[in-house]
There are 2 protein chains.
Amino acid sequence: MSERFDTLAQHFRENGHKLTQPRQAILHALLVAPKPLSPAEIQEQGQVFYADLGLVTVYRTLELMEEMGVVRTVHLADGCHGYALATPGHTHHVVCERCHAVVEIFGCELGEFLQSVAERTGYQITGHWLEIAGICANCQQMEK
Amino acid sequence: MSERFDTLAQHFRENGHKLTQPRQAILHALLVAPKPLSPAEIQEQGQVFYADLGLVTVYRTLELMEEMGVVRTVHLADGCHGYALATPGHTHHVVCERCHAVVEIFGCELGEFLQSVAERTGYQITGHWLEIAGICANCQQMEK
DNA sequence: GCCTTAACTGAAAAGGTTTTTCAATACGAG
DNA sequence: CTCGTATTGAAAAACCTTTTCAGTTAAGGC
Ligand SMILES: [Mn+2]
Ligand SMILES: [Mn+2]
Ligand SMILES: [Zn+2]
Ligand SMILES: [Zn+2]
């Protein structure tokens with residue numbers, strides 16, 4: 001079990017949740033995933049670790065993880081959402097339009113911009129949500 | 001008919017699409033909407049102008065309008081998408097967490113940031129998508 | 001103004017995704 | 001180990017979106 005896994009397990013216990021086999025399978029699936037996964041994909045990958053994993057449990061566990069802040073919703077253009085493990089701190093994603101590879105961007109240079117938005121609109125800004133689309137180096141190669 | 005409506009009507013004709021009553025109703029609904037509407041809301045509001053407006057037609061018309069670039073998809077946190085008329089140029093939205101009032105932000109100060117993202121990741125950036133959450137002035141009042 | 005025809009429509013059905021319900025089960029505290 | 005409760009998967013319900021299809025409507029040519 002990776003250190004990362006233990007940290008996540010900790011979160012579950014600290015919040016008074018059981019660390020069941022289905023939940024462990026979901027964690028493992030997310031840990032090895034190279035990109036955000038849809039609930040259906042999480043079930044599929046999770047069944048490698050726990051064969052009977054049900055889709056309903058995936059939804060319920062993601063909801064729980066979202067409450068605990070250990071998973072991040074990535075809003076995909078086609079309406080259904082992918083999920084990736086949250087990394088400490090605030091990050092954004094760049095998603096490849098072709099192969100859906102995802103790179104996480106650490107740090108967020110939006111502070112000043114958001115400040116000016118607050119002034120212009122009178123809104124108290126509570127959060128933001130940026131996703132960047134592009135074409136990854138690999139896919140750029142292939143297009144030639 | 002507003003000037004804005006005529007411009008939109010123009011778009012339809014220029015792209016070789018008919019300007020039917022259902023489509024006019026959808027345009028009117030979006031024109032008077034104070035916030036992005038879901039397809040179901042567009043149907044509901046549109047029926048004020050054309051009683052038989054079908055939901056399927058709403059979906060089809062939105063797809064058409066997206067192709068023409070006259071409507072903008074607003075990705076709402078709960079998975080289903082709202083639509084607002086596109087204003088010329090690139091804009092972002094600030095959405096009130098309480099009442100869902102929306103303010104459009106003109107101009108985009110992300111250029112430099114995106115440039116650095118391209119350099120750091122090797123991705124060719126093709127688009128981005130920023131949504132800001134906050135609490136509008138009204139709702140800030142009410143909370144006291 | 002009519003005709004003609006392809007674009008367009010709504011209803012119904014199909015296809016997906018997400019949520020709710022419920023009886024059975026597994027976790028983990030004691 | 002025992003027990004009570006949180007959790008589970010299956011099934012059904014509830015949604016949302018797309019496809020199919022037969023009938024209708026808009027728009028251009030007369
Ligand atoms: Mn979305
Ligand atoms: Mn921008
Ligand atoms: Zn790629
Ligand atoms: Zn508000």
Side-chain angles (χ1 to χ4, degrees), chain A residues 1 5-6 8-29 36-68 71 73-83, chain B residues 1 5-6 8-29 36-68 71 73-83:
Chain A
M1 306 282 153
F5 179 90
D6 295 335
L8 290 165
Q10 195 68 8
H11 270 280
F12 272 82
R13 298 216 166 87
E14 279 171 4
N15 288 75
H17 301 303
K18 294 184 182 175
L19 192 63
T20 61
Q21 288 188 258
R23 284 175 184 175
Q24 291 181 36
I26 290 166
L27 289 183
H28 280 127
L37 303 176
S38 68
E41 288 169 330
I42 292 172
Q43 177 187 32
E44 190 182 333
Q45 297 307 309
Q47 288 181 336
V48 174
F49 303 100
Y50 181 73
D52 287 342
L53 179 62
L55 184 55
V56 182
T57 298
V58 173
Y59 277 104
R60 287 189 285 227
T61 302
L62 288 171
E63 193 183 339
L64 214 56
M65 292 175 73
E66 228 161 12
E67 277 167 22
M68 298 189 290
V71 83
T73 307
V74 176
H75 292 256
L76 304 170
D78 66 348
C80 99
H81 297 162
Y83 293 84
Chain B
M1 307 281 153
F5 179 89
D6 294 335
L8 290 165
Q10 194 70 8
H11 270 279
F12 272 82
R13 298 216 167 87
E14 279 172 3
N15 289 75
H17 301 302
K18 293 186 183 176
L19 191 63
T20 61
Q21 288 187 258
R23 285 175 182 175
Q24 291 181 36
I26 291 166
L27 289 184
H28 281 126
L37 303 177
S38 68
E41 289 170 330
I42 292 171
Q43 177 187 32
E44 191 182 333
Q45 298 306 309
Q47 288 180 338
V48 174
F49 303 101
Y50 181 74
D52 287 343
L53 178 61
L55 184 55
V56 183
T57 298
V58 172
Y59 279 102
R60 288 190 284 229
T61 302
L62 288 171
E63 194 185 337
L64 215 57
M65 292 175 74
E66 228 160 12
E67 278 166 23
M68 296 189 292
V71 83
T73 306
V74 176
H75 293 255
L76 304 170
D78 66 346
C80 99
H81 297 162
Y83 293 84

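Chain identifiers are assigned alphabetically (A, B, ...) following the order of the sequence lines, protein sequences preceding nucleic acid strands; residue numbering begins at 1 within each chain.
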Could you tell me the separation between the [atom1] atom of [X] and the [atom2] atom of [N], rounded to a whole number of Å?
X: B/Asn15; N: C/dC8; atom1: CG; atom2: C1'; value: 16 Å
X: B/Tyr59; N: D/dT18; atom1: OH; atom2: C1'; value: 9 Å
X: B/Phe12; N: D/dT25; atom1: CZ; atom2: C1'; value: 16 Å
X: A/Leu62; N: C/dT17; atom1: CG; atom2: P; value: 15 Å
X: B/Glu63; N: D/dC16; atom1: CD; atom2: C1'; value: 15 Å
X: B/Arg23; N: D/dT24; atom1: CZ; atom2: C1'; value: 14 Å
X: B/Leu55; N: C/dG15; atom1: CG; atom2: P; value: 19 Å

Can you pull out the residues from residues 42-53 of chain B that lie within a 4.0 Å heavy-atom distance of DNA chain D? none

Set of residues satisfying side chain to side chain contact (heavy atoms under 4.5 Å, CB included) with respect to [X], sequence neighbours excluded:
X: B/Glu63; answer: B/Glu67
X: B/Ala9; answer: B/Phe5, B/Arg13, B/Leu19
X: A/Gln10; answer: A/Glu14

May I have all residue pairs that pass salt bridge (charged side-chain N to carboxylate O under 4.0 Å, His left out) and include part of residues 37-52 of chain B, sequence neighbours excluded? B/Lys35-B/Glu41

Between C/dA11, D/dT17, C/dT19, which nucleotide gets closest to the side-chain atoms of A/Val56? C/dT19

Result of checking B/Ile26, B/Leu62, B/Thr61 against B/Pro39 for side-chain contact (heavy atoms from CB on, under 4.5 Å): B/Leu62

Does B/Tyr59 have any ring pair (Phe, Tyr, Trp, His ring centres under 6.0 Å) partners at least two apart in sequence or in another chain, and if so, which? none

Is there a donor-acceptor pair closer than 3.5 Å between any side-chain N or O of A/Arg23 and the backbone N or O of A/Lys18? yes

All side-chain hydrogen bond (donor to acceptor under 3.5 Å, both in side chains) counterparts of A/Gln21, not counting sequence neighbours: none

Identify the pairs formed between an N or O of the protein and an N or O of nucleotides 26-30 of chain D at a distance under 3.5 Å, and give each distance.
unit_1 : atom_1 : unit_2  : atom_2 : d
D/dA26 : OP1    : B/Gln21 : OE1    : 3.3
D/dA26 : N3     : B/Lys18 : NZ     : 3.1
D/dA27 : OP1    : B/Leu19 : N      : 2.7

Just so I know, are the side chains of A/Leu64 and A/Phe12 near enough to count as touching, which here means a heavy-atom distance under 4.5 Å? yes

